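Beneath this line is the structure, given in structure tokens, with notes to follow.
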Protein chains: 2
Amino acid sequence: MSSIRVVIIEDDDTIRGGYCFLIDEEEGFEVINAYASFEEATKKLQGDNPDVIVLDVELPGMNGIEALPRIKKLVPKASVLMLTVYDSEKTVFDALAQGASGYLTKDSSADKIVSAIREAHEGGGPMSVNIARLVIKSFRRNQDSPLSKRETQILEMVSIGKSRSQIARELFIDLETVKSHIKNIYLKLDVNSRADAIKTAKDNKLI
Amino acid sequence: MSSIRVVIIEDDDTIRGGYCFLIDEEEGFEVINAYASFEEATKKLQGDNPDVIVLDVELPGMNGIEALPRIKKLVPKASVLMLTVYDSEKTVFDALAQGASGYLTKDSSADKIVSAIREAHEGGGPMSVNIARLVIKSFRRNQDSPLSKRETQILEMVSIGKSRSQIARELFIDLETVKSHIKNIYLKLDVNSRADAIKTAKDNKLI
DNA sequence: GAAAAATCACCCTTTTGGGGGGAGTTTATT
DNA sequence: AATAAACTCCCCCCAAAAGGGTGATTTTTC
């Protein structure tokens, strides 16, 4: 069984050194290379042929989020584990959308990071609890929505681009009924267009 | 410092007994009650005043997902930790939307469950790696989209209900240009309506 | 039995959407 | 330097859809 080939991209010398040592020491892990920036890594990354790349989000020059799609292009088979100090919602979701395999905050313990690398390599999705909390929160619906069940259902259909008549057909109700529901939705949300209704609803996690 | 009050709802006698013992034994935890179904739990739940509820998804009678909103209504301050054998995408997301605090598969080790209860109580979002993997996968964009950057951007705006003219205004381009982009999007996706475009795009994770 | 939700009806005008065609400029990529 | 892809804008057409007003009936729910 060969070792998991790890590459680290992290600008802070101390942290980089620490991770290097700590991961390389671990049984079954091998740190191939460590870079202080994406620019530095870019030419040698393909040669390194890493299984897992530990990528800092806050990087000088091109940041981790911007670098991620380029890295995926250079070494598509590598799993990328994002490492960050800040857990801002947008950054996390952007990273996940770009194909990050996992997301850890830097306050994670050494063995958490090591096991996260292993999990990422095995196809798992390691996440620190505060990141998971963010994600879970983003899924959570508002429990006291002003909208009725039917209204929520219809707004959901509106939100995926369905027309009134389509909705009417699919719910086996009259077009007029759909109009009426949408009118009430607009009233309750205090908007007067589909786009505004969708925005308001999403902002308030009604859909 | 008082103990974390835990209630377990799980139909399998053996598993329920095991969890009961295992959690109650733990320092700082107290199992107040354990039920075999939601129906059984429903009357006594408020009196139990739990901090964390461990809720099985596969329950006889009303299943865990259906029970979840009712439980949240009975004891809103309790964190609910879902426990399941199956990790189907829809079930997981439904549970998270209904306000589950965390989601574990039953193959999780004893101390993982205990620490998950603690994390849930502390406001974290415990998730087993396979669940996290699901969630991450759901965020991941298709890396080789047929759509151009601009087209993706416009489709994204279409997908949140914006009209052509709104899009034109916001992007500082002509209405005709937007039409043209949308025409090309339809061509590439082989559809001929907004709703179909959105559906196809989402199915293929283009947006 | 009152209130909220869900259903349907008919009026009106404006905007939007989808399809057809063509054509110029910029930006990559080779 | 050349080709392709992306981005931009222009014209035509017309049916469908959206939004607003006002009102009424039935079913659920509390």
Side-chain angles (χ1 to χ4, degrees), chain A residues 42 66 69-70 73-74 141-201 206-207, chain B residues 42 46 62 66 69-70 72-74 142-201 206-207:
Chain A
T42 184
E66 292 170 327
R70 299 171 200 248
K73 218 169 196 172
L74 285 172
R141 286 279 182 86
N142 189 337
Q143 302 294 306
D144 37 69
S145 165
L147 302 181
S148 74
K149 227 175 185 172
R150 196 56 147 179
E151 286 163 353
T152 306
Q153 180 186 26
I154 287 176
L155 185 51
E156 215 141 49
M157 298 175 83
V158 168
S159 85
I160 54 173
K162 291 192 197 288
S163 70
R164 298 167 172 183
S165 42
Q166 259 183 299
I167 296 173
R169 272 196 303 277
E170 288 180 30
L171 296 182
F172 304 106
I173 55 179
D174 198 276
L175 171 62
E176 285 301 326
T177 309
V178 177
K179 281 179 67 174
S180 168
H181 280 304
I182 292 181
K183 261 186 266 191
N184 287 328
I185 293 170
Y186 285 8
L187 262 177
K188 288 184 178 177
L189 301 187
D190 189 31
V191 295
N192 48 20
S193 75
R194 317 196 120 211
D196 287 347
I198 295 172
K199 188 179 182 326
T200 304
L206 308 180
I207 55 168
Chain B
T42 185
Q46 280 174 308
M62 187 179 298
E66 291 170 328
R70 299 169 199 250
K72 290 300 265 183
K73 219 168 197 172
L74 284 172
N142 189 336
Q143 300 294 306
D144 37 70
S145 164
L147 301 181
S148 74
K149 229 175 185 169
R150 196 58 147 179
E151 286 162 353
T152 306
Q153 181 186 26
I154 287 176
L155 185 52
E156 216 141 50
M157 298 175 83
V158 168
S159 84
I160 53 174
K162 291 192 196 289
S163 71
R164 298 168 171 182
S165 42
Q166 259 183 300
I167 295 173
R169 271 196 304 278
E170 289 180 31
L171 296 182
F172 305 105
I173 56 178
D174 198 276
L175 171 63
E176 286 301 327
T177 309
V178 177
K179 281 180 67 175
S180 171
H181 279 304
I182 293 181
K183 261 187 268 190
N184 287 327
I185 293 170
Y186 285 8
L187 262 177
K188 287 183 179 179
L189 300 187
D190 189 30
V191 296
N192 47 18
S193 75
R194 315 193 122 215
D196 287 347
I198 295 171
K199 190 181 181 322
T200 304
L206 308 180
I207 56 169

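Convention: sequence-line order gives letters A, B, ...; per-chain numbering from 1. These numbers come from a predicted model, not from an experiment. Every heavy atom of this structure was used, including side-chain atoms; hydrogens, water molecules and symmetry mates were not.
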(request) Give a yes/no answer on whether the side chain of A:His181 brings an N or O atom under 4.0 Å of OP1 or OP2 in C:dA5. (result) no
(request) Compare side-chain N and O positions of B:Tyr186 against OP1 and OP2 of C:dG18 and report whether any pair is under 4.0 Å apart. (result) yes
Could you check how far [atom1] of [X] sits from [atom2] of [N], rounded to whole Å?
X        : N      : atom1 : atom2 : answer
A:Leu175 : D:dA16 : CG    : C1'   : 11 Å
B:Asn184 : D:dT8  : CG    : C1'   : 11 Å
B:Asn192 : D:dA17 : CG    : P     : 13 Å
A:Lys149 : D:dT28 : NZ    : C1'   : 12 Å
B:Arg194 : C:dT15 : CZ    : P     : 16 Å
A:Ile198 : D:dG19 : CD1   : P     : 10 Å
A:Ile154 : D:dA18 : CD1   : P     : 12 Å
B:Glu176 : C:dA23 : CD    : P     : 16 Å

(request) Measure the angle between the two terminal helix axes of the helix from C:dG1-D:dC30 to C:dT30-D:dA1, five base pairs each, and quote it to 10°. (result)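 Comparing the axis at each end, I get an angle of 90°.
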(request) Hey, which sits more toward the 5' end of DNA chain C by its nearest nucleotide, B:Lys179 or A:Thr177? (result)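 The answer here is A:Thr177.
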With a 3.5 Å cut-off and just heavy-atom distances, do the side chain of [X] and the base of [N] make a donor-acceptor pair?
X        : N      : answer
B:Lys183 : C:dG17 : no
B:Ser180 : D:dT8  : yes
A:Arg164 : D:dA18 : yes

Which pair of non-hydrogen atoms, one from [X] and one from [Y], has the smallest distance, and what is that distance?
X        : Y        : value
B:Ile198 : B:Ser159 : CD1-CA, 3.7 Å
B:Leu147 : B:Leu189 : CD2-CD2, 4.2 Å
A:Ile207 : A:Arg141 : C-NE, 3.2 Å

(request) Could you check which of C:dG18, D:dC9, C:dA6 has an atom nearest any side-chain atom of B:Ile173? (result) D:dC9
Side-chain polar contacts of residues 170-180 of chain A - donor-acceptor pairs under 3.5 angstrom, sequence neighbours left out - could you list them?
{"residue": "A:Glu170", "atom": "OE2", "partner": "A:Lys162", "partner atom": "NZ", "Å": "3.3"}
{"residue": "A:Asp174", "atom": "OD1", "partner": "A:Glu176", "partner atom": "N", "Å": "2.8"}

(message) Surrounding NZ of A:Lys188 (heavy atoms of other residues, nucleotides or ligands, distance under 6.0 Å), is the total greater than 12?
(response) yes
(message) Let's go through B:Asn142 and B:Asp144 carefully: what are the C-alpha distance in whole Å and the side-chain angles of both, what is the deciding distance for side-chain contact (heavy atoms from CB on, under 4.5 Å) to 0.1 Å, and is it a yes or a no?
(response) CA-CA 6 Å; B:Asn142 189 336; B:Asp144 37 70; 3.4 Å; yes
(message) Need to verify one output field. Residue with the more 5' nearest nucleotide on DNA chain D, A:Ser165 or A:Val191?
(response)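 It is A:Ser165 whose nearest nucleotide is closer to the 5' end.
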(request) Answer yes if the side chains of A:Arg150 and A:Gln153 hold a donor-acceptor pair under 3.5 Å, and no otherwise. (result)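 The answer is yes; a qualifying pair exists.
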